[in-house]
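Bear in mind that the values here come from a model prediction, so they are computed numbers and not experimental data. For the single chain, residues carry numbers from 1 onward in sequence order. Whatever order the structure lists them in is the order used to number ligands and atoms, beginning at 1.
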Amino acid sequence: MDELKPWSHAEFEARLRAMGDRYHIHHPFQVMMHRGQCTQAQLQAWVANRYYYQINIPIKDAAILANCPEREVRRHWVQRILDHDGYAGEEGGIEAWLRLGEAVGLDRETIISQQLVLPGVRFAVDAYVNFARQRPWQEAAAASLTELFAPTIHQSRLSHWPDHYPWIEPEGYAYFKRRLNEAPRDVVNGLAITMAHFNTRELQERAIAILQFKLDVLWTMVDAMMLAYCPVQVEGWGAYTPMNAVAAAGS
Ligand SMILES: O=C(O)c1cc(C(=O)O)c2c(n1)C(=O)C(=O)c1cc(C(=O)O)[nH]c1-2
């Protein structure tokens, strides 16, 4: 049987973008957050858990660099590490995330200690880092393409949280503002790599599967948080409390 023809770049990109239907913006925990239905304890728990993602993004990007023999690609990709870690005169995204944590009422030692990070969140984030370590760098670059959908979620937080959660210190919003500038630039670069490398139908379908894997990482993180921080009542059984959720919920 003849091999299927590759999709045109336009069709391939459209198929990648269509996967935004499965982005974590549609997860019930994110929907609750978006509608202003989260308690302060739930928002704090989300920020503390997401910290584990934030600190692992530059480690993931360093793994991509380590696997990439192309200087031109590294010259661009290294900027992602600097965005998060910062450099002289630039505090970086991780510091901005810690300030978001403080703006929602956490103290930075608690966040940095990772004591609130749930096992499910840890497993999901570690799966992403391990993917970047073990797979060809072009595959890991394609996995970053959930960033296609990230500006929408960052913008919705900037637009709605100040009304819904007036107790959040305005200082906390710096992280989301930064990402509005950084993510579109990353996407242009990530898409160019993906278009160039995944150039047969088989490889294009592989790219779709990789993006689904990454969507699953993000979805699984919020699944773990929802189970831990939104009370579930099972008849004849106590409330569900994973090991370290009690301290996080502050109840
Ligand atoms: O708040 C979010 O919903 C969200 C999602 C994602 C994403 O889609 O992976 C990223 C970010 N934020 C983000 O801030 C960020 O720096 C980032 C880097 C990456 C990546 O895969 O390299 N994703 C994301």
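Only the side chain of R157 comes within contact range of ligand 1, with a heavy atom under 4.0 Å; no backbone atom does. In Y128, the part holding a heavy atom less than 4.0 Å from any atom of ligand 1 is the side chain. Only the side chain of L218 comes within contact range of ligand 1, with a heavy atom under 4.0 Å; no backbone atom does.
Heavy-atom proximity to S144, at under 4.0 Å, picks out these atoms of ligand 1: 21 (O), 22 (O). Which parts of ligand 1 touch H84 is read off a 4.0 Å heavy-atom cut-off, strictly below it: atoms 16 (O).
Ligand 1 lies within reach of K214, whose nearest heavy atom is under 4.0 Å from it.
The nearest heavy-atom contact from the protein to atom 17 (C) of ligand 1 is R179 NH2, 3.9 Å. In terms of protein heavy-atom proximity, atom 3 (O) of ligand 1 is nearest to H24 NE2, 2.8 Å. The protein heavy-atom contact nearest to atom 7 (C) of ligand 1 is T146 OG1, 3.3 Å. Residue, atom and distance of the protein heavy atom nearest to atom 4 (C) of ligand 1 are R50 NH1, 3.5 Å. Given atom 22 (O) of ligand 1, the protein heavy atom at minimum distance is K60 NZ, 2.6 Å. Protein heavy atom closest to atom 5 (C) of ligand 1, with residue, atom name and distance, is Y23 OH, 3.1 Å. The closest protein non-hydrogen atom to atom 13 (C) of ligand 1 is Y175 OH, 3.4 Å. In terms of protein heavy-atom proximity, atom 24 (C) of ligand 1 is nearest to Y53 OH, 3.6 Å.
Separating the CD atom in E171 from the CZ atom in R99 is a distance of 4.0 Å, to the nearest 0.5 Å.
Under a 4.0 Å N-O distance rule, the pair E202/R206 does not qualify as a salt bridge. Between R108 and E95 there is a salt bridge, since at least one side-chain N of the basic residue sits less than 4.0 Å from a carboxylate O of the acidic one. Using a 4.0 Å cut-off between charged side-chain N and carboxylate O, R80 and E147 make a salt bridge. Look at R179 and D186 and you find a salt bridge, because one of the NZ, NE, NH1 or NH2 atoms lies within 4.0 Å of a carboxylate O, short of that distance.
With sequence neighbours excluded, the residues that form a salt bridge (Lys or Arg N to Asp or Glu O under 4.0 Å) with R178 are E90, E182. The salt bridge (Lys or Arg N to Asp or Glu O under 4.0 Å) test applied to E169 returns no partner, not counting sequence neighbours.
For F29 and W46, the distance between ring centers is not under 6.0 angstrom.
Note: Y173 and F176 have tilted aromatic rings, judged against thresholds of 30 and 60 degrees for the angle between ring planes.
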